[in-house]
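Throughout, protein chains are lettered first and strands after them, A, B, ... in sequence-line order, and every chain is numbered starting at 1.
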Number of protein chains: 2
Amino acid sequence: MRNKHNFNPGPAVLPEPVLAECARAVLELNDTGLSLLEISHRSPEFAEIIEEAETRLRQLMNIPDHYHILFLQGGARLQFAMIPMNFLSRGKRAGYVDTGIWASKAIEEAQKIGSVQIVASSKDNNYRHIPRRFSIPSDLAYLHITSNNTIYGTQWWEFPQTGNVPLIADMSSDILSRPIDVQQFAMIYAGAQKNAGTAGVTLVIIRSDLLEQIPSEHLPSMLDYRAHVRARSLFNTPPVFSIYVTAKVLEWIQNQGGVPELFRRNQEKASLIYAVLDSYREIYEPHAAPEDRSIMNITFRLRNERLNDTLLQWCQDAGIVGIKGHRSIGGFRASLYNALPLKSVEVLAEVLKAFAQRYG
Amino acid sequence: MRNKHNFNPGPAVLPEPVLAECARAVLELNDTGLSLLEISHRSPEFAEIIEEAETRLRQLMNIPDHYHILFLQGGARLQFAMIPMNFLSRGKRAGYVDTGIWASKAIEEAQKIGSVQIVASSKDNNYRHIPRRFSIPSDLAYLHITSNNTIYGTQWWEFPQTGNVPLIADMSSDILSRPIDVQQFAMIYAGAQKNAGTAGVTLVIIRSDLLEQIPSEHLPSMLDYRAHVRARSLFNTPPVFSIYVTAKVLEWIQNQGGVPELFRRNQEKASLIYAVLDSYREIYEPHAAPEDRSIMNITFRLRNERLNDTLLQWCQDAGIVGIKGHRSIGGFRASLYNALPLKSVEVLAEVLKAFAQRYG
């Protein structure tokens with residue numbers, strides 16, 4: 001029986017009805033006489049699935065027609081390379097904001113391709129906050145940000161105004177968790193395995209004029225956004241199953257009332273945990289600056305770190321998994337993605353409260 | 001009910017027990033209390049899955065320890081780019097054999113990166129045969145071949161002797177279908193969605209000394225084989241579900257008696273179809289030269305092409321799907337991958353025979 005409270009940072013919890021539907025489709029897709037895993041990616045059945053995924057995503061995020069939607073492989077990591085390969089031409093410079101390990105890995109990959117300027121960083125205080133009031137040179141090829149930082153538990157609540165500089169955001173860990181204005185961005189990308197499905201597919205939302213900046217020569221086809229746009233994500237065999245899971249997750253989000261309703265729930269869930277942490281500050285030390293707190297990933301340490309294993313044991317006894325912090329900052333991390341039920345959050349809040357009362 | 005005779009060229013038919021096990025794992029993986037789609041790729045559960053996949057592949061193909069096994073994303077198409085990016089350094093030249101559309105797409109990608117010599121080609125006779133008796137310059141960075149050509153229905157039955165030149169093979173459509181000597185190759189790669197699983201994962205088998213040829217600078221990490229080798233395919237979030245399917249397909253192959261037994265069955269299946277085509281040559285025109293015939297993909301045309309739709313209808317009435325030829329050569333293609341039951345092949349053979357008798 002699937003009965004854990006799943007706080008995994010990704011791949012992460014999925015909605016029960018989505019899992020049931022995916023399991024059925026593995027046995028037989030609708031009444032095709034075939035498993036979902038056996039259909040051709042050129043079949044009408046798959047055309048319907050990928051179109052469903054695209055249409056639902058467009059509806060949920062209010063994506064205008066002059067943005068393309070792609071379903072690619074390789075995760076955010078491959079996007080780290082593709083973005084500069086496509087948009088950082090010789091003689092240009094790209095801007096990056098360094099808000100944590102994932103942001104700095106994106107920076108490293110861009111530096112291999114071309115000239116990079118780190119326009120702001122919160123590295124000096126161990127990425128506790130999101131940089132504010134930094135200047136953005138108007139001649140940048142693009143500005144890259146990481147909208148939510150899973151490891152540190154910070155999140156951008158106000159996006160930078162970049163004027164004519166295309167803003168590109170890695171939204172792997174908060175896409176579809178809160179309303180955003182897509183038109184603030186030239187490109188958004190996200191590995192699906194946190195809020196939008198399972199591992200194996202990456203969502204890319206890209207404004208069509210950005211494609212005109214791509215130098216035409218020597219770019220491998222698989223790494224050229226134009227090839228994927230032209231082929232509507234069927235340039236090569238796509239990850240059929242993962243795209244199906246995404247389509248079903250998007251349907252589930254619509255059935256729940258869309259992104260605004262999930263945002264309301266996510267705020268409610270996060271505030272339950274933050275409230276306990278803030279009530280017992282002699283026990284818990286939250287990592288992120290209060291004004292930059294993420295509602296997706298809540299990070300904290302115990303003031304007495306010798307109690308770490310005890311708290312882990314309490315969590316385990318309550319059926320809670322995935323709560324251990326990332327090895328780079330230690331402590332604890334509770335990931336509260338869209339599909340995590342309120343019930344699971346209540347269980348964790350109770351454990352944290354009882355633990356604080358016992359050891360406070 | 002899953003009841004079609006599935007001759008799809010890929011993604012393709014999978015064994016019934018594998019599908020049942022995958023559907024169960026989507027609901028709950030073993031007794032973890034979590035769905036397979038929700039587990040962390042850093043969990044002990046996933047470590048076991050990927051190790052199982054690697055161990056079984058090593059056993060099934062007798063892969064020596066000095067070869068690494070990787071599970072990557074992006075399909076054979078991304079390998080087309082990664083191979084020259086990693087191994088075709090400046091001042092070097094790579095050799096390619098052009099045996100069809102996939103081989104020539106690999107050539108196009110290599111030409112974007114460096115210097116390419118097409119050492120042999122069967123393009124002049126519409127790829128009906130596999131080139132023989134061509135010379136291989138001893139200074140090539142590597143020689144690349146496509147072991148089975150899905151579109152034309154040809155297959156290499158004797159691999160070129162390359163001496164010190166590393167031989168690299170795209171085995172996407174015949175891996176695990178027949179015994180091969182891995183040690184003839186420096187690298188083998190294959191999209192899983194034909195004989196080794198479902199779409200979303202690519203198998204790469206790579207001899208460790210080849211890694212030393214990679215120039216160390218400016219290669220994006222995701223496109224650098226060394227990064228994946230160091231991280232044992234966990235450089236970034238891997239396609240968890242697709243790797244699980246592969247592990248289960250490999251287990252199924254072992255339960256069937258391994259690659260030699262599948263080879264015996266595949267020969268039997270292919271000969272059933274070829275026998276009918278050869279018995280009714282006034283009706284059917286097989287594409288491939290007899291000595292280079294593939295046992296994976298059988299391609300043929302009707303001499304009277306006005307009967308194409310009729311034959312398609314006969315097939316459809318018998319529950320046969322995926323039989324239409326690739327748009328580039330037309331006609332028909334029967335893909336007989338490992339998991340296709342003999343029963344399905346018998347049904348097709350009967351249809352072809354009855355059709356020939358009716359219209360002969």
Side-chain angles (χ1 to χ4, degrees), chain A residues 1-4 6 8-14 19-20 22-24 26-28 32-35 37-41 43 73-78 80-81 85 105 108-109 112-113 191 193 197-201 217-223 235-242 245 319 321-322, chain B residues 1-4 6 8-14 19-20 22-24 26-28 32-35 37-41 43 73-78 80-81 85 105 108-109 112-113 191 193 197-201 217-223 235-242 245 319 321-322:
Chain A
M1 203 177 64
R2 185 175 156 273
N3 57 5
K4 296 292 189 198
N6 186 350
N8 271 330
V13 60
L14 285 167
L19 294 173
C22 292
R24 271 197 305 276
V26 167
L27 295 175
E28 188 193 0
T32 58
L34 298 172
S35 162
L37 309 185
E38 301 174 314
I39 61 167
S40 168
H41 59 293
S43 65
Q73 293 187 64
R77 282 276 193 147
L78 191 57
F80 293 175
M85 287 174 88
K105 287 186 190 296
E108 278 171 35
E109 296 302 326
K112 292 182 183 180
I113 308 296
Q193 67 270 13
T198 194
V201 66
E217 297 203 4
H218 299 305
L219 202 51
S221 311
M222 271 295 286
L223 305 173
F235 178 71
N236 69 328
T237 311
V240 170
F241 178 78
S242 297
V245 177
V321 301
Chain B
M1 204 177 63
R2 186 174 155 273
N3 57 7
K4 297 291 189 198
N6 186 350
N8 271 331
V13 60
L14 285 167
L19 294 173
C22 292
R24 269 197 306 274
V26 167
L27 296 175
E28 188 192 1
T32 58
L34 298 171
S35 161
L37 309 185
E38 301 173 313
I39 62 167
S40 167
H41 59 293
S43 64
Q73 294 187 63
R77 281 276 192 146
L78 191 57
F80 292 175
M85 286 174 89
K105 286 187 191 294
E108 278 170 36
E109 296 301 327
K112 292 183 183 181
I113 309 296
Q193 67 269 14
T198 193
V201 65
E217 297 203 6
H218 299 306
L219 202 52
S221 310
M222 272 295 287
L223 305 173
F235 178 71
N236 69 329
T237 312
V240 170
F241 179 78
S242 298
V245 178
V321 300

Can you tell which of B:P239, B:G74, B:G200 has the highest number of heavy-atom pairs within less than 4.5 Å of chain A?
B:G74
Under 4.5 Å from any heavy atom of chain A - which part of B:N8
side chain
Interchain contact, B:E28 with chain A, by part (heavy-atom threshold 4.5 Å):
side chain
Select one option (side chain, backbone, both, neither) describing which atoms of A:L219 are under 4.5 Å from chain B's heavy atoms.
backbone
Salt-bridge test for B:K4 and A:E38: reply yes if a basic N is under 4.0 Å from a carboxylate O, no otherwise.
no
How close do B:P11 and A:I39 get, counting heavy atoms only, and between which atoms?
CB-O, 3.3 Å
Heavy-atom closest contact (A:L27 atom, B:A20 atom, distance):
CD2-CA, 3.9 Å
If one checks every heavy atom of B:L34 against chain A at 4.5 Å, the contacting part turns out to be both
Who among A:A12, A:S43, A:G75 has the most heavy-atom pairs with chain B under 4.5 Å?
A:A12
For the residue pair B:L37 and A:V245, establish whether any side-chain heavy-atom pair is separated by less than 4.5 Å.
yes
Shortest non-hydrogen pair, B:V26 vs A:C22, comes out as CG1-CB, 3.9 Å
Among the listed options B:A199, B:A76, B:G197, the residue most often paired with chain A at heavy-atom distances under 4.5 Å
B:A199
Side chain from CB out, backbone as N, CA, C, O: work out which of these in A:S242 comes under 4.5 Å of a heavy atom of chain B, or both, or neither.
neither
Need one label for B:T32: side chain, backbone, both or neither, based on atoms under 4.5 Å from any heavy atom in chain A.
backbone
Best-contacting candidate, A:E109, A:K105, A:Q193, A:R2, against chain B by heavy atom pairs under 4.5 angstrom:
A:R2
So, for A:P220 and B:A81, which heavy atoms are closest and what is the spacing to 0.1 Å?
CB-CB, 3.6 Å
Please flag which part of B:L223 lies under 4.5 Å from any non-hydrogen atom of chain A: side chain, backbone, both or neither.
side chain
Check each atom of B:S221 against the heavy atoms of chain A and say whether the ones under 4.5 Å are side chain, backbone, both or neither.
both
Measure B:P238 against the heavy atoms of chain A and call it side chain, backbone, both or neither at under 4.5 Å.
backbone
Choice from A:V201, A:I113, A:T237 maximising heavy atom contacts with chain B below 4.5 Å:
A:T237
Report the C-alpha separation of A:N236 and B:F80 in whole Å, then their side-chain angles, then the decisive distance to 0.1 Å, and conclude whether the side chain to side chain contact (heavy atoms under 4.5 Å, CB included) test is met.
CA-CA 12 Å; A:N236 69 328; B:F80 292 175; over 6 Å; no
With a 4.5 angstrom heavy-atom cut-off, which part of B:F235 approaches chain A: side chain, backbone, both or neither?
both
To the nearest 0.5 Å, what is the distance between CE on A:M222 and CD on B:Q73?
9.5 Å
